[in-house]
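Everything on this sheet refers to the single structure shown next.
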Amino acid sequence: QVQLVESGGGLVQAGGSLRLSCAASGSIFRINTMGWYRQASGKQRELVATITSGGQTNYADSVKGRFTISRDNAKNTVYLQMNSLKPEDTAVYYCNANINWGPLGGMSYTYWGQGTQVTVSS
């Protein structure tokens, strides 16, 4: 059993910054790739950024140069630093993690957080 809990969302003006955090807890053997996705009202959920266990990152073109994904493996936590925010960044942001769990790590699953609202005003 694994849970992901997000925090850090809120309301900011265009050009401002926010940092999202997502902590995983439970019977974790190994956390593989972690990521952030977002879903604007009435839109499809889309990938924002991913980071592998080795620290390799990937970003959507729309956030390159503005957002930074990072992780602290000792804390089982992934972060998303969001700078130069735009109104079009407004969405519910979801944490995602592919995790091997159990004592032997023989069970795997992709987990999702509950989502945290980010609203960017103009």
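Here the straight-line distance linking atom CD1 of I69 with atom CG of L20 works out to 10.0 Å at 0.5 Å rounding. Atom CZ of R66 sits about 6.5 Å away from atom CG of L85, to the nearest 0.5 Å. Rounded to the nearest 0.5 Å, atoms CG (L47) and CG (N58) are 6.5 Å apart. The distance from atom CG of N100 to atom CE of M107, rounded to the nearest 0.5 Å, is 9.0 Å. The distance from the OG atom of S108 to the CD1 atom of I99 is 10.5 Å, given to the nearest 0.5 Å. Here T57 contributes atom OG1 and R71 contributes atom CZ; the two are 11.5 Å apart, rounded to the nearest 0.5 Å.
Remark: the backbone N or O of G9 is paired with a side-chain donor or acceptor of T116 at under 3.5 angstrom. Judged by distance alone, with hydrogens and angles left aside, the side-chain atoms of T77 form a donor-acceptor pair with the main-chain N or O of K75 at under 3.5 Å. For Q39 (side chain) and Q44 (main-chain N/O), no donor-acceptor pair under 3.5 Å exists by modelled atom type. A donor-acceptor pair under 3.5 Å is absent between the side-chain atoms of Y37 and the main chain of A49, judged by distance alone. One N or O on the side chain of E6 and one on the backbone of Q114 form a donor-acceptor pair closer than 3.5 Å.
When all heavy atoms are compared, the tightest approach of R38 to V63 is NH1-CG1, 4.0 Å. The two atoms that bring A91 and Q117 nearest to each other are O-NE2, 3.4 Å, heavy atoms only.
V118 and Y59 fall within a single hydrophobic cluster, where Ile, Leu, Val, Met, Phe, Trp and Tyr are joined by side-chain heavy atoms under 4.5 Å apart, directly or via other members. Under a hydrophobic-cluster definition in which Ile, Leu, Val, Met, Phe, Trp and Tyr are linked whenever side-chain heavy atoms come within less than 4.5 Å, directly or via other members, W36 and L18 are assigned to the same cluster. V78 and Y109 fall within the same hydrophobic cluster, defined by Ile, Leu, Val, Met, Phe, Trp and Tyr side-chain heavy atoms under 4.5 Å apart, directly or through other members. In this structure, I31 is a member of the same hydrophobic cluster as L80, with clusters built from ILVMFWY side-chain heavy atoms closer than 4.5 Å. Taking hydrophobic clusters as Ile, Leu, Val, Met, Phe, Trp and Tyr residues chained together by side-chain heavy-atom distances below 4.5 Å, Y111 shares a cluster with V48.
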request  = Please test T110 against N98 for side-chain hydrogen bond (donor to acceptor under 3.5 Å, both in side chains), starting from the C-alpha separation and ending with a verdict.
outcome  = CA-CA 4 Å; T110 299; N98 181 265; 3.2 Å; yes
key: Pair T90-E88, side-chain hydrogen bond (donor to acceptor under 3.5 Å, both in side chains): steps then yes or no   = CA-CA 5 Å; T90 296; E88 50 263 46; over 6 Å; no
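Using bins of under 30°, 30° to 60° and over 60° for the plane-to-plane angle, the ring pair F67/Y93 lands in the tilted bin.
Within the structure, side-chain hydrogen bond (donor to acceptor under 3.5 Å, both in side chains) pairs that include any residue of residues 12-29 comprise S17-N83 (at least two apart or interchain).
For the pair D89 and K86, the salt-bridge criterion is not met [side-chain N within less than 4.0 Å of a carboxylate O].
A cation-pi contact, defined as under 6.0 Å to the ring centre and within 45° of the axis, links R45 to W112.
At a threshold of 4.5 Å between non-hydrogen side-chain atoms, the residues V2 and I28 count as touching.
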